[in-house]
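Shown next, in structure tokens, is the structure this report addresses.
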Amino acid sequence: MQFTIQATDPQSKARAGLITTDHGLIETPIFMPVGTAGTVKAVHQRELVADVKAEIILGNTYHLYLRPGLETLEKAGGLHRFNGWERPILTDSGGYQVYSLSNTRKIKEEGVTFKSHIDGSKHIFTPEGVMDIQRTIGADIIMAFDECTPYPCEYGYARTSMEMTHRWLSRCIERFDNTENKYGYQQTLFPIVQGSTYRDLRQQSAEFVARQGRDGNAIGGLAVGEPAEEMYEMIELVNAILPSDKPRYLMGVGTPENILEAIALGIDMFDCVMPTRNARHGVLYTTQGIIMIKNEKWKNDFSPIDEELGGYVGLCYSKAYLRHLIKSEEILGAQIASLQNLTFYLWLVKQARQQINTGNFFQWKTYMTKKLMQRL
Ligand SMILES: CNc1nc2c(CCNCc3ccccc3)c3nc(N)[nH]c(=O)c3cc2[nH]1
């Protein structure tokens with residue numbers, strides 16, 4: 001995996017880059033939609049390419065491991081072949097999904113034991129095990145097995161948790177560097193910085209992660225309920241330590257405002273379930289601002305959802321019709337709203353990239369944030 005920086009913003013740490021993988025190119029800054037469209041069975045691969053213009057999607061290690069399971073994925077020739085997405089894929093290591101989905105989990109030095117939320121069967125995720133799982137899924141970029149330190153937490157807990165994540169990282173690297181890709185292309189492993197919101201721990205973790213010299217680095221343990229200002233402070237501190245010639249992935253972030261702020265701080269890659277989750281509740285991101293589509297005011301507004309966005313659903317469906325579908329809890333409503341929000345997120349990072357290339361990202365960010373966050 002290669003990363004080239006094509007432009008840097010003179011007034012911030014923002015940069016426009018290109019990641020090359022064996023499954024194609026990724027222009028950064030980039031937003032990575034969840035490939036299975038999360039809980040909304042909304043979006044087909046064709047739509048992800050044609051409408052959303054997604055360049056890389058996320059696969060869900062925890063879900064895929066439980067169902068359809070590794071045997072099927074291996075027989076299919078890996079996830080790209082199984083779900084027909086021939087472009088780059090990134091998978092998280094499963095730790096966070098266990099933390100957020102299965103309330104029957106126990107964390108030990110060996111790994112994390114948990115019960116399947118599907119059939120209650122017992123499982124354990126270890127650093128070595130999730131490396132093998134991600135090798136079998138076959139994502140181009142895979143994440144180290146870490147503990148996403150809960151927020152808030154005591155300093156002692158944050159330090160112990162970070163130190164375990166570092167020991168798990170060493171076990172991941174040992175396993176990954178001694179196993180091969182199963183399908184004939186290259187995969188790469190990103191380590192994850194932890195340390196909660198404690199400056200000295202974040203510094204230690206960033207230094208430990210940077211020392212591993214991997215193709216890219218991730219920042220974890222954020223967007224877990226901490227105030228945005230604290231998140232920005234941690235990103236700034238960590239990005240000053242992570243190598244500037246490698247992509248930086250901020251996990252689980254965030255709102256359009258968070259994303260533009262983080263781009264200015266030097267982040268290149270983002271993922272968030274917000275676009276599809278908000279879509280289901282009728283919260284629409286548009287180039288003109290936020291639309292709460294269930295609001296009475298849209299009942300007889302027959303104008304297109306978002307003419308400027310250039311996406312299919314923004315042009316071909318009216319606000320009134322989408323309001324009707326969402327109010328009626330029609331799945332088509334969730335599908336249209338999900339496509340609108342995902343297309344918006346990809347449009348936003350593409351706009352940011354263009355502004356970085358033309359050198360006025362910083363002014364544009366201020367103007368765009370004010371415009372996008374207004375309620376219509
Ligand atoms: C929302 N806030 C947030 N998300 C975080 C995640 C998950 C990122 N999303 C990955 C995903 C993959 C497939 C399908 C859906 C999502 C983290 N993952 C790891 N491994 N470590 C973190 O510290 C960590 C921290 C996070 N904060």
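What you see is a predicted model; the values in this text were computed from it and never measured. All ligand and atom numbering here is 1-based and tracks the order in the structure.
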Six-ring centre of F190, R214 cation under 6.0 angstrom, axis tolerance 45°: no
At less than 3.5 Å, what protein N or O atoms come close to the N or O atoms of ligand 1? Include the distances to 0.1 Å.
| from | atom 1 | to | atom 2 | distance (Å) |
| --- | --- | --- | --- | --- |
| ligand 1 | 2 (N) | A223 | O | 2.9 |
| ligand 1 | 9 (N) | D271 | OD1 | 3.4 |
| ligand 1 | 9 (N) | D271 | OD2 | 2.8 |
| ligand 1 | 18 (N) | D92 | OD2 | 2.8 |
| ligand 1 | 20 (N) | D92 | OD1 | 2.7 |
| ligand 1 | 20 (N) | D92 | OD2 | 3.2 |
| ligand 1 | 20 (N) | D146 | OD1 | 3.0 |
| ligand 1 | 21 (N) | D146 | OD2 | 2.8 |
| ligand 1 | 23 (O) | Q194 | NE2 | 2.9 |
| ligand 1 | 23 (O) | G221 | N | 2.7 |
| ligand 1 | 27 (N) | L222 | O | 2.8 |

side-chain contact (heavy atoms from CB on, under 4.5 Å) partner of S205, chosen from R159, H166, E163: H166
Aromatic ring pairing F114/H123, orientation class (parallel under 30°, perpendicular over 60°, tilted between):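 Taking H123 first and then F114, their aromatic rings lie parallel (interplane angle under 30°).
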Residue list, side-chain contact (heavy atoms from CB on, under 4.5 Å) with Y312, at least two apart or on another chain: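 In terms of side-chain contact (heavy atoms from CB on, under 4.5 Å), with neighbours along the sequence ignored, Y312 is linked to D51, C316, Y317.
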Check: F125 ring centroid to Y65 ring centroid under 6.0 Å: yes
Path from F208 to L237 over hydrophobic side-chain contacts below 4.5 Å: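 Looking at the clustering, L237 is in the same group as F208.
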